[in-house]
Amino acid sequence: MAFDGTDKDWCAAIPMNQSWDQRMRIAQFGDGYAQRTLDGINSMRRRWQPRFELKTEPVIRSMVAYLDGRKGNAFPFQDPATLVVYQVTCDEWQVDWLQVKFTPAGTRKELRGTLTAEFIQNYGVTA
């Protein structure tokens, strides 16, 4: 499995926060003048904060195992708004667990969780 839109269980919830930033080189001069130029040919960085809401325990555990197994390497992610697949990295994520169903005896029958992460667009080869 991967976050590339090929599995409906691995698709992020909407709405999802997306942001952009430009890497700039800025030379600040004493008279208040600043010279600004883009830092490299891939200066635009995209970031997504996807939420994978109320997924079953096996799905969440496989997502965590996938992210942990990447070890800093990029992986494909499909932007749900544009359906474009980007290479991204993810350095941190968190899971919020929610007990959903119980048996009549009071034992847990089903556990669901929400995985939240930050994906950052990557250019070129990673580690």
Side-chain angles (χ1 to χ4, degrees):
M1 300 293 168
F3 295 99
D4 59 4
T6 57
D7 185 325
K8 67 178 178 60
D9 285 334
W10 285 52
C11 291
I14 299 291
M16 176 177 46
N17 187 17
Q18 182 179 7
S19 60
W20 296 263
D21 66 358
Q22 293 274 10
R23 267 192 343 268
M24 302 290 293
R25 290 185 182 192
I26 302 170
Q28 190 70 45
F29 299 99
D31 60 357
Y33 176 76
Q35 183 179 14
R36 300 168 55 91
T37 184
L38 295 176
D39 184 15
I41 61 171
N42 295 319
S43 60
M44 176 65 80
R45 240 187 335 210
R46 289 179 178 87
R47 297 172 187 263
W48 296 265
Q49 288 81 33
R51 292 177 53 84
F52 302 90
E53 295 179 344
L54 297 176
K55 302 296 183 183
T56 62
E57 181 180 9
V59 170
I60 291 290
R61 295 211 185 276
S62 62
M63 286 178 174
V64 168
Y66 180 85
L67 292 171
D68 188 44
R70 298 309 304 161
K71 307 267 187 246
N73 290 312
F75 56 90
F77 168 68
Q78 183 180 45
D79 182 341
T82 63
L83 303 180
V84 174
V85 176
Y86 294 93
Q87 290 296 312
V88 298
T89 56
C90 180
D91 295 333
E92 63 181 84
W93 56 90
Q94 75 177 41
V95 175
D96 297 316
W97 292 106
L98 173 66
Q99 293 180 348
V100 176
K101 294 182 182 177
F102 293 90
T103 64
T107 59
R108 185 180 79 208
K109 180 178 178 181
E110 184 177 351
L111 180 65
R112 294 206 173 230
T114 297
L115 184 136
T116 307
E118 181 177 52
F119 293 169
I120 302 172
Q121 184 178 10
N122 184 277
Y123 296 99
V125 180
T126 59

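Numbers for residues simply follow the sequence, beginning at 1.
- Under a 3.5 Å cut-off, the side chain of R70 and the backbone N or O of A74 do form a donor-acceptor pair.
- The heavy-atom pair separating V64 from L115 by the smallest distance is CG2-CD1, 3.7 Å.
- Between the CG atom in L98 and the CD atom in E53 there is a gap of 11.5 Å [rounded to 0.5 Å].
- Counting only distance, with no hydrogens or angles, the side chain of Q121 and the backbone of R45 share no donor-acceptor pair below 3.5 Å.
- Heavy atoms from other residues, nucleotides or ligands lying under 6.0 Å from CZ of R36 number 12 at most.
- The two residues S62 and W10 make their nearest non-hydrogen contact at OG-CZ2, 3.4 Å.
- Atom OG1 of T116 and atom CG of N17 lie 12.0 Å apart (nearest 0.5 Å).
- Under the 4.5 Å side-chain criterion, counting only non-hydrogen atoms from C-beta, E118 is in contact with Q49.
- For F75 and Y66, the distance between ring centers is under 6.0 angstrom.
- Both W97 and L67 are part of a single hydrophobic cluster, where members link through side-chain heavy atoms under 4.5 Å apart.
- By the 30° and 60° cut-offs, the orientation of the rings of F119 relative to F52 is tilted.
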What pairs of donor and acceptor atoms, side-chain ones from residues 22-32 against any protein atom, are under 3.5 angstrom apart with sequence neighbours left out?
| unit_1 | atom_1 | unit_2 | atom_2 | d |
| --- | --- | --- | --- | --- |
| Q22 | OE1 | S43 | OG | 3.1 |
| R23 | NH1 | N42 | O | 3.3 |
| R23 | NH2 | D39 | O | 3.0 |
| R23 | NH2 | N42 | O | 3.4 |
| R25 | NE | D39 | OD1 | 2.9 |
| R25 | NH2 | D39 | OD1 | 3.2 |
| D31 | OD1 | Y33 | N | 3.1 |

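- When the shell of 6.0 Å around CD1 of I41 is examined, it contains 12 or fewer heavy atoms from other residues, nucleotides or ligands.
- The nearest pair of heavy atoms linking G5 to C11 is CA-SG, 4.2 Å.
- Within the model, atoms CG of D79 and CZ of F3 stand 14.5 Å from one another, a figure rounded to the nearest 0.5 Å.
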